[in-house]
Every structure is written in structure tokens, then in C-alpha cells.
**Student:** 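First, the structure itself, so that you have it in front of you.
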Amino acid sequence: MTVKDILAAIQSPDSTSEDFAALPLPESYRAITVHKDETEMFAGLATRDKDPRKSIHLDEVPLPELGPGEALVAVMASSVNYNSVWTSIFEPLSTFGFLERYGRTSDLAKRHDLPYHIIGSDLAGVVLRTGPGVNAWQPGDEVVAHCLSVELESSDGHNDTMLDPEQRIWGFETNFGGLAEIALVKSNQLMPKPDHLSWEEAAAPGLVNSTAYRQLVSRNGAAMKQGDNVLIWGASGGLGSYATQFALAGGANPICVVSSPQKAEICRSMGAEAIIDRNAEGYKFWKDENTQDPKEWKRFGKRIRELTGGEDIDIVFEHPGRETFGASVFVTRKGGTITTCASTSGYMHEYDNRYLWMSLKRIIGSHFANYREAWEANRLIAKGKIHPTLSKVYSLEDTGQAAFDVHRNLHQGKVGVLCMAPEEGLGVRDEAKRAQHIDAINRFRNI
Ligand SMILES: C/C=C/C(=O)SCCNC(=O)CCNC(=O)[C@H](O)C(C)(C)COP(=O)(O)OP(=O)(O)OC[C@H]1O[C@@H](n2cnc3c(N)ncnc32)[C@H](O)[C@@H]1OP(=O)(O)O
Ligand SMILES: NC(=O)C1=CN([C@@H]2O[C@H](COP(=O)(O)OP(=O)(O)OC[C@H]3O[C@@H](n4cnc5c(N)ncnc54)[C@H](OP(=O)(O)O)[C@@H]3O)[C@@H](O)[C@H]2O)C=CC1
């Protein structure tokens, strides 16, 4: 049995759940990996010069054993997330440390501690097998998977699954991720595939859409409300393209920061009116590596006031980190919120705390999304309220190039990867719903 037979079953309109359950599984499959013996390959290089094309491999790997509560999924398509960029440049640390640590926790978890790491935290595909104790999902089900892996043995995570002490991001802190022909997930990660989208469109939103939902909309994040002025860094990027949609759909007023006229145009076409091209306007928040320039914070704040009719920011959607954080804290209004989920430009932030405490602002740390938030974010995609922002699709062989593009900020929105799917456009089950939203679905394509 090979992955070709699995693909044939997926493409046949007559395949039943029993057919999928009866399909023998292949002994091995193709997967995107990084190698443990290469973790030092970029030593001494600047972050920018670490090239994912050199560290990312396409390997034939053995099929992992299926455990209780788990599912093996035939992956039709996946997407590139920035966490795979971090893995591929071994920053801020090698992800093999995560796999070793996980491997020490139980006999079953030992499977993850391997000399190779199969990466990727998104997928759209078809359930092949489920382990003991899985009743909600059957072979043949068309699914997407969110990337929250939790053990749930501690009460700490029972209110909010992100607070589980054994919380991990699948395909980053666990092995057997989505950039592969087959992936291993906990069955609680599975959600219905939105039926009006192709495989690659359905695989694109998962991680970033869920993260933006918690960070901006959820009460665990900024709890955005109608009329809020929301400053969105990288507003047409992976996270930002969903944050912008949530702000617009929720009656807020997004102030979109981007770095080119083309990206400004994308934001405008989504419906945003207040747009700042940080490149054209030349903001330089740091005079040198160690000294910020509060005059530049003020110039930025003045520009925001021009765009809002004199108002300041209620919520900052932060992720660039060191380069922008001082400005983000400054431009937030009295009582406002800075919500952060990342530090792409550096994690040692510096800001003037007087502007935080004297103006009663709050900084909220946010990370991915709990089970429920991920489900609600996927539901909005399925209902056609929020749309994928897929721009370009690569083959599995070209994943290194796709990750390079994201690392160098050469991409728009989200970048997709075909895994088992032989071509783009397959997997659409509801053409009528698709037709209703086709312009929005294609907004980021080929730009
Ligand atoms: C969904 C997508 C998301 C993204 O894309 S996010 C972006 C990508 N992700 C990242 O860049 C994050 C990568 N991860 C990390 O950098 C690290 O992962 C962390 C900094 C988050 C954590 O570092 P670590 O080394 O794993 O953990 P420690 O807490 O620094 O060290 C563990 C040791 O420190 C002890 N410790 C922890 N808290 C305390 C405390 N409050 N007081 C005293 N000790 C403490 C522990 O016990 C343990 O000790 P013992 O090493 O001896 O076992
Ligand atoms: N904690 C979590 O759960 C999650 C964390 N992340 C992290 O968030 C970060 C962003 O991810 P994602 O949105 O997918 O990545 P993308 O690269 O797709 O988008 C980020 C955008 O941010 C802008 N940007 C980058 N650097 C700077 C800078 N120095 N100053 C201002 N703007 C900047 C760029 O837009 P432009 O050039 O147009 O300004 C870029 O397009 C990554 O570090 C990622 O690891 C992502 C998802 C989940």
C-alpha cells in the first residue's frame, strides 16, 4: 500500500468510511524535516542569513505508531507558519530540546524524540485511522487540525486548555507535524473542514486565525468591542490579515500598519480605511541598537490621531516585538490594552513604564488559542464570515523556498503547501457557498 492508493480513495466520490478503515497503511511516507545533527549549521550567522532552504529536508520517514486518543490523517495540504521558520533556523533554540523533554514524559511520548523533526502546524486532509477511545471521528472524515496539543491530566488547564502545564504546539514542540503526507494528531485537535474551500485554502487559516481570535476577540485576550481603535502591525501578514478581518467584522476600526503600497492596497480591499505604510513614512523607533527615539513614537502617534480624528489606540495587536513595542505602549490610550503573542524582531523588549502605569494600560500575553477558541475561529471560516488569505501555493519539495520567503518577508498573507493533493483547487464540496465568497477567498491570490 502506498500513499497513491490513499489519494485514489480520497479522490473517489464513492469511497465510504469502511473503505478508508480497510485501507492498509503505508510503512513510510514523505515528510518535511529538520535534522538533529544539523542544529549548529548556522552558528555565527546573523538571523537574516540563516537560510531555511539549507536546513529543511524532504525525507521518507516511517509511519509512527498510533496511540489512544490519536488519529492518523492523510494530509492533502498544509501551510507555512513562522514557527516552522524558527525551527528551521534553530532560533531562539533548537526544537529538538522540546522533543527530548516531551519524550521523557511517558512511554508513548518517547515516539516524538527522534533525530529528525517533522514540522508543520496546519493541515487539511482525511482521517485514516483513529486510536482507542476516539468515537467522534471516523476514517474518511474530511478535517482540519488545530495545533494545540495538551495532556489535560492537570486541573490547571481545565478552564482554559492553553494553561495546561503540558501544553505544546503540534509540529513545533511535538513531532509528526502537518508538512507531510501523513500526520499524527490528538483527536481533540480535529475540526470539520470548511466545505466551500479547497484543501490548500482550508489549511491556510488554522494557526494564525485561531491565534488572532484569542489575542483580539476572546475575553482571554483583548476582548475587542465595537468602535475600538485597533492598531494592527503587519496587517496583511499571517496573523495580521486575520486580525484585520476580525476588527472589521466586529465593528472596530483597524489602523493597519504595512510596509508597501501593495500591502496597503490589500488592506484597503479588505475594507480598512486607516493605513500606515511604515516604510514610506520612515519610522525609526531605535536611534541605534540600544537607544529608542521617543520623538518617533510621538510622530507615529500623531499620524494615528490624524487617521482616527484625534483618537488614540484602544488595542494594539503586537507581534514584531523589540522594534515596535516601545511605540506600541506609547500610542495606546489611557486604560487601553497591548496584547502580544510574539517577538519577531527580538524578545527583550524595552518600553517607558511611566506611560504604562500612569495611564493605566495593560499588557496581555497571548499564545495560540484554547480548544474552544480554535473551534470558534474555524466555525467563522466555515460560515464564510472570515476568509483564508492564501497568496501562493508550493509543492512539498519546495517547502524550503516557501519558508525562506516567509523568513525574508517576501510573501503576502499565508503561504500554502500541497502535500498529497496533486493540484490546487480540489476538495471543494459546497460550490454555491464558495460562489458567494469567491472574491474574498481569492483576495490575496497571486499578488
Ligand atoms: C502557535 C505558534 C506559536 C509561535 O509561533 S510562538 C514563536 C515561536 N516560539 C518561541 O520562540 C518560543 C520558544 N521557546 C522558548 O524560547 C523557551 O521554551 C521558553 C523561553 C518559553 C522557556 O524556556 P525553557 O528553557 O523551556 O524553560 P525555563 O522556564 O526557562 O527553564 C526551565 C527551568 O527553569 C525552572 N523555572 C521555571 N520557572 C521558575 C521559577 N518561577 N522559579 C524558579 N525556577 C523556575 C524550571 O523548573 C526548570 O528547571 P530545571 O531546568 O532544573 O528543570
Ligand atoms: N504565540 C502564538 O501563538 C503565535 C505567534 N506567532 C508569531 O508571530 C510572529 C508573526 O507571525 P505571522 O504573522 O504569521 O508572520 P508574517 O511574517 O506572515 O507576518 C508578520 C508581519 O509583521 C510585519 N513585521 C515583521 N517585522 C516587523 C518589524 N520589525 N516591525 C514592524 N512590522 C514587522 C510584516 O508586515 P509589514 O512588512 O507589511 O509591516 C510581516 O508581514 C512570528 O514571530 C510568529 O512566530 C504566530 C502565530 C501564533
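Each ligand, and each atom within it, is numbered from 1 in the order the structure gives. Only this structure's heavy atoms are used, side chains among them; waters, hydrogens and symmetry mates stay out.
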**Student:** Look up atom 50 (P) of ligand 1 and tell me if a protein heavy atom lies less than 4.0 Å from it?
**Tutor:**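 Looking at atom 50 (P) of ligand 1, one finds that no protein heavy atom lies closer than 4.0 Å.
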
**Student:** Number the atoms of ligand 1 from 1 as they appear, then name those within less than 4.0 Å of a heavy atom of P92, with their elements.
**Tutor:**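 Within the 4.0 Å cut-off of P92, ligand 1 contributes 11 (O), 13 (C), 16 (O).
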
**Student:** Ion pair present between R111 and E70, side-chain N to carboxylate O less than 4.0 angstrom?
**Tutor:**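 A salt bridge is present here (some side-chain N lies under 4.0 Å from a carboxylate O).
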
**Student:** Just to confirm my output: which protein heavy-atom neighbour is closest to atom 46 (C) of ligand 2, and how far is it?
**Tutor:**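 Result: L239 CD1, 3.7 Å.
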
**Student:** May I ask whether atom 53 (O) of ligand 1 is less than 4.0 Å from at least one protein heavy atom?
**Tutor:**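 So atom 53 (O) of ligand 1 lacks protein heavy-atom neighbours under 4.0 Å.
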
**Student:** Any atoms of ligand 2 less than 4.0 Å from a non-hydrogen atom of V208? List them with their elements.
**Tutor:**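 Counting atoms of ligand 2 from 1, those under 4.0 Å from V208 are 14 (O).
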
**Student:** With rounding to the nearest 0.5 Å, note down the distance linking CZ in F246 to OG in S241.
**Tutor:**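 Between F246 CZ and S241 OG, I get 10.0 Å after rounding to 0.5 Å.
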
**Student:** Short N/O distance, under 3.5 Å, between T211 and ligand 1?
**Tutor:**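 T211 vs ligand 1: no N/O contact under 3.5 Å.
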
**Student:** What protein heavy atom is closest to atom 19 (O) of ligand 2, reported as residue, atom name and distance in Å?
**Tutor:**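 Looking only at protein heavy atoms, the one closest to atom 19 (O) of ligand 2 is G238 N, 3.6 Å.
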
**Student:** Identify the protein heavy atom lying closest to atom 28 (C) of ligand 2, giving its residue, its atom name and the separation to 0.1 Å.
**Tutor:**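 The answer is P320 CB, 3.8 Å.
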
**Student:** Could you name the option among R278, M162, E323, R408 that has the heavy atom nearest to atom 25 (C) of ligand 2?
**Tutor:**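 The residue whose heavy atom sits nearest atom 25 (C) of ligand 2 is R278.
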
**Student:** What I want to check is whether the side chains of S269 and R443 have a donor and an acceptor closer together than 3.5 Å.
**Tutor:**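 There is such a pair (donor and acceptor under 3.5 Å, judged by atom type) between the side chains of S269 and R443.
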
**Student:** How far is atom 8 (O) of ligand 2 from its nearest protein heavy atom, and which residue and atom name does that atom have?
**Tutor:**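 The closest heavy atom on the protein side is A342 CB, 3.1 Å.
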
**Student:** Is it the side chain, the backbone, both or neither of T324 that has a heavy atom closer than 4.0 Å to ligand 2?
**Tutor:**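 T324 to ligand 2: side-chain contact only, backbone stays beyond 4.0 Å.
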
**Student:** Applying the side-chain contact (heavy atoms from CB on, under 4.5 Å) criterion to I255, which one of V331, I275, I313, V230 satisfies it?
**Tutor:**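 For I255, the side-chain contact (heavy atoms from CB on, under 4.5 Å) test succeeds with only one of V331, I275, I313, V230, which is I313.
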
**Student:** Among all protein heavy atoms in this structure, tell me which lies nearest to atom 2 (C) of ligand 1, with the distance rounded to 0.1 Å.
**Tutor:**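 That would be L207 CD1, 3.9 Å.
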
**Student:** Below 4.0 Å, non-hydrogen atoms only: which portion of N81 touches ligand 2? Side chain, backbone, both or neither.
**Tutor:**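 Near ligand 2, N81 shows nothing, with every heavy atom at 4.0 Å or more.
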
**Student:** Between E273 and R268, does any NZ, NE, NH1 or NH2 come within less than 4.0 Å of an OD or OE carboxylate oxygen?
**Tutor:**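 Not counted as a salt bridge, because no side-chain N and carboxylate O are separated by less than 4.0 Å.
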
**Student:** Any protein heavy atom under 4.0 Å from atom 42 (N) of ligand 1?
**Tutor:**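 It does not; no protein heavy atom is within 4.0 Å.
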
**Student:** In the protein, which heavy atom is nearest to atom 37 (O) of ligand 2, and how far is it?
**Tutor:**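 Looking at atom 37 (O) of ligand 2, the protein heavy atom closest to it is S259 OG, 2.6 Å.
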
**Student:** Using modelled atom types only, decide if a donor and an acceptor are shared between the side chain of R299 and the backbone of E281 within a distance under 3.5 Å.
**Tutor:**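 Confirmed, R299 side chain pairs with E281 backbone.
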
**Student:** If hydrogens are left out, which of C341, C267, S391 has an atom nearest to atom 5 (C) of ligand 2, that is, the closest non-hydrogen atom?
**Tutor:**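 Comparing heavy atoms across C341, C267, S391, the nearest one to atom 5 (C) of ligand 2 lies in C341.
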
**Student:** What protein heavy atom is closest to atom 3 (C) of ligand 1, reported as residue, atom name and distance in Å?
**Tutor:**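 Here the closest protein heavy atom is H367 CE1, 3.7 Å.
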
**Student:** Do we get R278 above Y283's six-membered ring, with its NZ or CZ under 6.0 Å from the centre and within 45° of the axis?
**Tutor:**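 Not flagged: R278 not positioned over aromatic ring of Y283.
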
**Student:** Nearest protein heavy-atom contact for atom 45 (O) of ligand 2: which residue, which atom, what distance?
**Tutor:**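 Nearest neighbour among protein heavy atoms for atom 45 (O) of ligand 2, to 0.1 Å: W86 NE1, 2.9 Å.
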
**Student:** Test your reading of the model: is there a side-chain donor-acceptor pair from K193 to the backbone of L197, 3.5 Å cut-off?
**Tutor:**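 A pair under 3.5 Å: yes.
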
**Student:** Looking at K284 and E296, does any basic side-chain N land under 4.0 Å from a carboxylate oxygen?
**Tutor:**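 E296 and K284: not salt-bridged.
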
**Student:** Could you tell me whether atom 5 (O) of ligand 1 has at least one protein heavy atom nearer than 4.0 Å?
**Tutor:**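 Yes, because at least one protein heavy atom sits under 4.0 Å from atom 5 (O) of ligand 1.
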
**Student:** Please check: side-chain N/O of N279 versus main-chain N/O of S259, any donor-acceptor pairing under 3.5 Å?
**Tutor:**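 It does hold such a pair.
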
**Student:** Tell me which one of S121, A369, G234, A264 gets a heavy atom nearest to atom 21 (C) of ligand 2.
**Tutor:**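 Among S121, A369, G234, A264, the closest heavy atom to atom 21 (C) of ligand 2 comes from G234.
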
**Student:** Which of the listed options, F368, F172, Y347, F98, holds the heavy atom that is closest to atom 14 (N) of ligand 1?
**Tutor:**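 Shortest heavy-atom distance from atom 14 (N) of ligand 1: F98.
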
**Student:** Going by a strict under-4.0 Å cutoff (protein heavy atoms only), does atom 37 (C) of ligand 1 have a neighbour on the protein?
**Tutor:**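 Within 4.0 Å of atom 37 (C) of ligand 1, no protein heavy atoms are found.
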
**Student:** Return yes if some donor-acceptor pair links the side-chain N/O of H158 with the main-chain N/O of L152 below 3.5 Å, else return no.
**Tutor:**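 Yes, H158 side chain to L152 backbone: donor-acceptor pair under 3.5 Å.
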
**Student:** Can you confirm whether some protein heavy atom lies under 4.0 Å from atom 24 (P) of ligand 1, or whether none does?
**Tutor:**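 Protein heavy atoms within 4.0 Å of atom 24 (P) of ligand 1 - there is at least one.
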
**Student:** Do the side chain of W170 and the main chain of L184 share a donor and acceptor less than 3.5 angstrom apart?
**Tutor:**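 Yes, W170 side chain to L184 backbone: donor-acceptor pair under 3.5 Å.
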
**Student:** Find all atoms of ligand 1 within a distance of less than 4.0 Å from any non-hydrogen atom belonging to N83, and give their numbers and elements.
**Tutor:**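 Near N83, the atoms of ligand 1 are 5 (O).
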
**Student:** Under 4.0 Å, heavy atoms only, figure out whether ligand 2 is touched by the backbone of L207, its side chain, both or neither.
**Tutor:**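 Contact part for L207 vs ligand 2: side chain (C-beta onward).
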
**Student:** Is at least one protein non-hydrogen atom found at under 4.0 angstrom from atom 18 (O) of ligand 1?
**Tutor:**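 It does; a protein heavy atom is within 4.0 Å.
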
**Student:** Taking atom 28 (P) of ligand 1 as the reference point, report whether a protein heavy atom occurs under 4.0 Å from it.
**Tutor:**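 Flag for atom 28 (P) of ligand 1 set to false, no protein heavy atom closer than 4.0 Å.
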
**Student:** Any idea which protein heavy atom is nearest atom 20 (C) of ligand 2, and the distance to it?
**Tutor:**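 Heavy-atom neighbour on the protein nearest atom 20 (C) of ligand 2: H319 CE1, 3.8 Å.
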
**Student:** Taking only heavy atoms of V258 into account, list the atoms of ligand 2 that are under 4.0 Å away from them.
**Tutor:**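 So the atoms of ligand 2 that pass are 38 (O), 39 (O).
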
**Student:** Of all the heavy atoms in H411, does at least one lie under 4.0 Å from an atom in ligand 2?
**Tutor:**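 Per 4.0 Å heavy-atom rule, H411 contacts ligand 2.
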
**Student:** Of all the non-hydrogen atoms in the protein, which one sits nearest to atom 2 (C) of ligand 2, and at what distance?
**Tutor:**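 The answer is H367 ND1, 3.4 Å.
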
**Student:** Give the atoms of ligand 2, by number and element, whose distance to some non-hydrogen atom of T344 is under 4.0 Å.
**Tutor:**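 Ligand 2 atoms under the 4.0 Å threshold to T344: 9 (C), 10 (C), 42 (C), 43 (O).
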
